[in-house]
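Quick notes on the structure that follows.
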Amino acid sequence: MADDLITLVTTDHRELKRLFDMMQEDRSSRPLALPLAVAMLDAHSEAEEDRVYPAVAKEAGEKAEAEHAAEEHHQAEDLGRHLLEMDWESQEFDQALQEWISAVLHHVEEEENEILPALREAVDEDRLRELGLQFAARRSRALAGQPLAAVDGGTDTGPRTARRPQGGEGGARTAGSTARSGGAPKGGTAKGSTAKAGGTGTRTESQAGGTRAELYDKARELGIEGRSSMTKEELAREVSKAQGGGKGRRKR
């Protein structure tokens, strides 16, 4: 079935692999292919963490695998954003690109050999189709909210928000990282890119609001257990408890 979750996820994986091969074989493709690959990976990861991994944890009983996969997502996203700021013609870029590709392909292999088969065994075809539709809708919304900046001085076509929580005086979580998937790899940050950082950013639904991915990061920082299997509402509730010095479930 073209609309079931397994097919949609693996199709994304093949497209990412195509972009990786392109960047490795044709250096001139990097200014266009890299922002596309970073945006695609971010949207794919957000959709999996928001719609797929809770089902993997609860319905397939693979809570530890789901949490491990989410951690791998965040590591790969950080590597990808770092590449956006590098000179794509440099030797350092070549090394960083290979590190990023290796990290993503390692994650893909684990997901296709362990996580997705476990979910296929645990649920029926109707549930896989339902998860597929949810995954596709969430991925599309993520991509629609993150338009790509054109390379070499192009202009953004809409607002850009940061998936990851920001730190300090509105700075990025990692030194020099760009907001989600914006920007070309050569020449620093893209024009008009902004992050939803502390103080001046758009407020979310509640004190502990944000996307599920943002709430997941907060839950990880606060040591809240079982976060990978929680819905957005459950994450918001537990984060709010933990931030208020309440009864959030913390790791010992």
Side-chain angles (χ1 to χ4, degrees), residues 1-19 36-77 80 103-146 161 163-164 180-181 205 209-220 224-239:
M1 297 176 295
D3 60 349
D4 77 285
L5 176 69
I6 310 296
T7 301
L8 292 172
V9 169
T10 54
T11 298
D12 271 9
H13 291 168
R14 300 301 169 265
E15 178 61 17
L16 279 169
K17 179 64 164 58
R18 186 186 70 82
L19 292 170
L36 179 59
V38 171
M40 183 177 179
L41 178 63
D42 277 8
H44 175 93
S45 298
E46 184 169 326
E48 284 190 326
E49 291 172 30
D50 194 40
R51 300 300 181 187
V52 181
Y53 290 174
V56 170
K58 291 181 178 179
E59 298 175 48
E62 296 288 346
K63 178 180 176 181
E65 289 294 335
E67 192 144 331
H68 174 67
E71 297 290 344
E72 289 185 335
H73 277 172
H74 300 161
Q75 293 168 8
E77 288 161 10
V104 174
L105 293 183
H106 168 76
H107 169 77
V108 165
E109 182 179 3
E110 286 191 343
E111 191 164 83
E112 293 189 1
N113 291 333
E114 299 174 19
I115 293 178
L116 295 180
L119 187 60
R120 188 190 292 276
E121 288 290 323
V123 302
D124 60 22
E125 290 185 359
D126 287 342
R127 178 59 173 151
L128 283 177
R129 188 180 296 110
E130 178 186 14
L131 288 170
L133 293 173
Q134 292 175 0
F135 168 83
R138 187 67 187 88
R139 180 190 56 185
S140 295
R141 287 199 300 273
L143 284 171
Q146 300 298 326
T161 57
R163 179 180 172 196
R164 307 293 290 272
R180 286 216 44 169
S181 55
E205 299 139 8
T211 67
R212 183 184 182 279
E214 289 172 334
L215 290 166
Y216 180 91
D217 279 341
K218 292 177 184 177
R220 180 176 58 170
I224 296 173
E225 295 180 346
R227 55 189 177 270
S228 64
S229 61
M230 294 182 186
T231 65
K232 177 180 175 181
E233 291 73 21
E234 290 169 339
L235 282 168
R237 183 169 59 250
E238 293 300 320
V239 166

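Along the sequence shown, the residues carry numbers beginning at 1.
Taking each heavy atom of A118 and A60 in turn, the nearest pair found is O-CB, 3.8 Å. Nearest heavy-atom pair, L116 versus V9, reported as atom, atom and distance to 0.1 Å: CD1-CG1, 3.9 Å. When all heavy atoms of H13 and E112 are compared, the closest pair comes out as ND1-OE2, 2.7 Å. Summarising the geometry of G132 relative to L8, their closest heavy-atom pair is O-CD1, 3.2 Å, with the distance given to 0.1 Å. Pairing each heavy atom of A76 with each of L41, the nearest pair is CB-CD2, 4.1 Å. Summarising the geometry of V38 relative to G80, their closest heavy-atom pair is CG2-O, 3.7 Å, with the distance given to 0.1 Å.
Of the possible donor and acceptor atoms, none in the side chain of T7 sits under 3.5 Å from a partner among the backbone N and O of D3.
With rounding to the nearest 0.5 Å, the separation of NE2 in H44 from CG in L16 is 7.0 Å. Summarising the geometry, atom CG belonging to L36 is positioned 9.0 Å from atom CG belonging to L143; distances are rounded to the nearest 0.5 Å. To the nearest 0.5 Å, the span separating CZ on R141 from CG on D50 amounts to 7.5 Å.
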Query raised in the report: Between D12 and R139, does a side chain to side chain contact (heavy atoms under 4.5 Å, CB included) hold up when you go through it step by step?
Result: CA-CA 11 Å; D12 271 9; R139 180 190 56 185; 2.6 Å; yes
Requested in this report: Please lay out, stage by stage, how E110 and H106 fare under the test side chain to side chain contact (heavy atoms under 4.5 Å, CB included).
Outcome: CA-CA 6 Å; E110 286 191 343; H106 168 76; 3.1 Å; yes
Query raised in the report: Could you walk me through whether E49 and H74 pass the side chain to side chain contact (heavy atoms under 4.5 Å, CB included) check?
Result: CA-CA 11 Å; E49 291 172 30; H74 300 161; 3.2 Å; yes
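Screening residues 109-134 for ring pair (Phe, Tyr, Trp, His ring centres under 6.0 Å), with sequence neighbours left out, gives no hits.
The shortest distance between side-chain heavy atoms of H107 and Q75 does not fall below 4.5 Å.
Taking the side-chain contact (heavy atoms from CB on, under 4.5 Å) definition, one finds that A103 meets it with L79, sequence neighbours left out. Annotation: side-chain contact (heavy atoms from CB on, under 4.5 Å) contacts of E65 (sequence neighbours excluded): E62, E114, I115. Every residue meeting the salt bridge (charged side-chain N to carboxylate O under 4.0 Å, His left out) condition with E15, not counting sequence neighbours, appears here in chain and number order: R18. R120 is linked by a side-chain contact (heavy atoms from CB on, under 4.5 Å) to I6, L128, counting only residues two or more places apart in sequence or in another chain. Applying the side-chain contact (heavy atoms from CB on, under 4.5 Å) rule to D124 yields the partners D126, R127; only residues at least two apart in sequence or on another chain are considered.
Taking the six-membered ring where tryptophan is involved, the planes of Y53 and H73 are essentially parallel, since the angle between them stays under 30° and well short of 60°.
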